[in-house]
**Student:** 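Take this structure first; my questions come after.
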Amino acid sequence: MEAGDWFHVAVNVLIVLLLGSAAYGLLQLVISGAWLFALILVVLGLTLFGIVVLSDKLFDRLFPVWVGPVSKKKRNQPKPLLRLLSLPIGFAVGAVLAGFGLDRIILDLLP
């Protein structure tokens, strides 16, 4: 594994820990009977995600900045196993930490 792979693993684990905590919070809302509020949060989140993706694609079409090299293409190397497993493992750990109430520690570490 290269240094870039370790960086990607660390970022993936941090993001997915927070997503696991958010998923646990949504589950708590559904269990407590506020399922409509949880549904509204999910729809708003998906809408914002769609807006970001569409605006990125539109910006890339309007203002292309990529200039390709003339050299040969690199062969795509398979990603290391740790980098691939960082997403599901981080999500599970985030949900478990949120279940025990330890997700506040992660949130307190963020700026």
Side-chain angles (χ1 to χ4, degrees):
M1 283 185 46
E2 298 175 6
D5 292 328
W6 287 107
F7 177 74
H8 281 279
V9 167
V11 169
N12 285 346
V13 167
L14 178 64
I15 290 172
V16 178
L17 280 174
L18 296 173
L19 285 176
S21 175
Y24 182 81
L26 281 174
L27 181 66
Q28 290 297 100
L29 282 174
V30 170
I31 290 173
S32 68
W35 59 269
L36 184 61
F37 186 64
L39 181 68
I40 290 170
L41 284 175
V42 169
V43 169
L44 286 174
L46 290 175
T47 303
L48 289 173
F49 179 75
I51 289 171
V52 168
V53 168
L54 289 175
S55 66
D56 282 345
K57 288 186 185 234
L58 180 65
F59 185 77
D60 287 341
R61 276 192 192 256
L62 293 176
F63 307 107
V65 294
W66 184 79
V67 177
V70 183
S71 64
K72 296 179 184 177
K73 288 185 178 180
K74 289 190 329 184
R75 290 183 55 200
N76 287 340
Q77 299 291 333
K79 294 180 183 176
L81 184 62
L82 183 61
R83 186 170 169 187
L84 293 174
L85 292 178
S86 65
L87 291 174
I89 291 173
F91 188 81
V93 170
V96 169
L97 287 177
F100 289 122
L102 300 174
D103 57 336
R104 288 285 155 203
I105 296 171
I106 300 167
L107 293 174
D108 290 340
L109 293 175
L110 295 175

**Student:** Would you say Val93 and Leu18 are hydrophobically clustered, going by side-chain heavy atoms of ILVMFWY under 4.5 Å?
**Tutor:**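 Result: yes, single cluster for both.
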**Student:** With Phe91 as reference, evaluate Val13, Val96, Val16 under the side chain to side chain contact (heavy atoms under 4.5 Å, CB included) test and give the passing residue.
**Tutor:**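 For Phe91, the side chain to side chain contact (heavy atoms under 4.5 Å, CB included) test succeeds with only one of Val13, Val96, Val16, which is Val16.
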**Student:** For the hydrophobic clusters of this structure (ILVMFWY residues joined by side-chain heavy atoms under 4.5 Å, transitively), does one cluster hold both Leu58 and Val52?
**Tutor:**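 No.
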**Student:** Let me confirm one number: the CG-CD1 distance from Leu17 to Ile89, rounded to the nearest 0.5 Å.
**Tutor:**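 Rounded to the nearest 0.5 Å, the CG-CD1 separation comes out at 11.0 Å.
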**Student:** Between Val42 and Leu46, is any pair of side-chain heavy atoms under 4.5 Å apart?
**Tutor:**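 Yes, side chains in contact.
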**Student:** Using only atom types and a distance under 3.5 Å, with no angle test, would you say the side chain of Thr47 pairs donor to acceptor with the backbone of Val43?
**Tutor:**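 It does hold such a pair.
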**Student:** Please check if Leu84 and Leu19 belong to a single hydrophobic cluster, counting links between Ile, Leu, Val, Met, Phe, Trp and Tyr side chain heavy atoms closer than 4.5 Å.
**Tutor:**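 Result: no, two separate clusters.
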**Student:** How far apart are the closest heavy atoms of Arg83 and Ser86, and which atoms are they?
**Tutor:**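 Residues Arg83 and Ser86, closest heavy atoms: O-OG, 2.9 Å.
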**Student:** Between Ala98 and Ser21, which heavy-atom pair has the shortest distance, and what is it?
**Tutor:**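 Nearest heavy atoms, Ala98 then Ser21: CB-CA, 3.9 Å.
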**Student:** Drop me the distance from Asn12's CG to Leu82's CG, to the nearest 0.5 angstrom.
**Tutor:**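 Separation between the atoms: 10.0 Å.
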**Student:** Hydrophobic clusters here meaning ILVMFWY residues chained together by side-chain heavy-atom distances under 4.5 Å, can you tell me if Ile51 and Ile40 are in one?
**Tutor:**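 As far as the 4.5 Å side-chain criterion goes, Ile40 and Ile51 are not connected within one cluster.
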**Student:** Check whether any side-chain heavy atom of Val11 sits under 4.5 Å from a side-chain heavy atom of Ile15, and report yes or no.
**Tutor:**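 A side-chain contact under 4.5 Å exists here.
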**Student:** Sequence neighbours left out, cut at 3.5 Å: what donor-acceptor pairs do the side chains of residues 23-37 make with other protein atoms?
**Tutor:**
residue : atom : partner : partner atom : Å
Ser32   : OG   : Gln28   : O            : 3.1
Ser32   : OG   : Leu29   : O            : 3.0

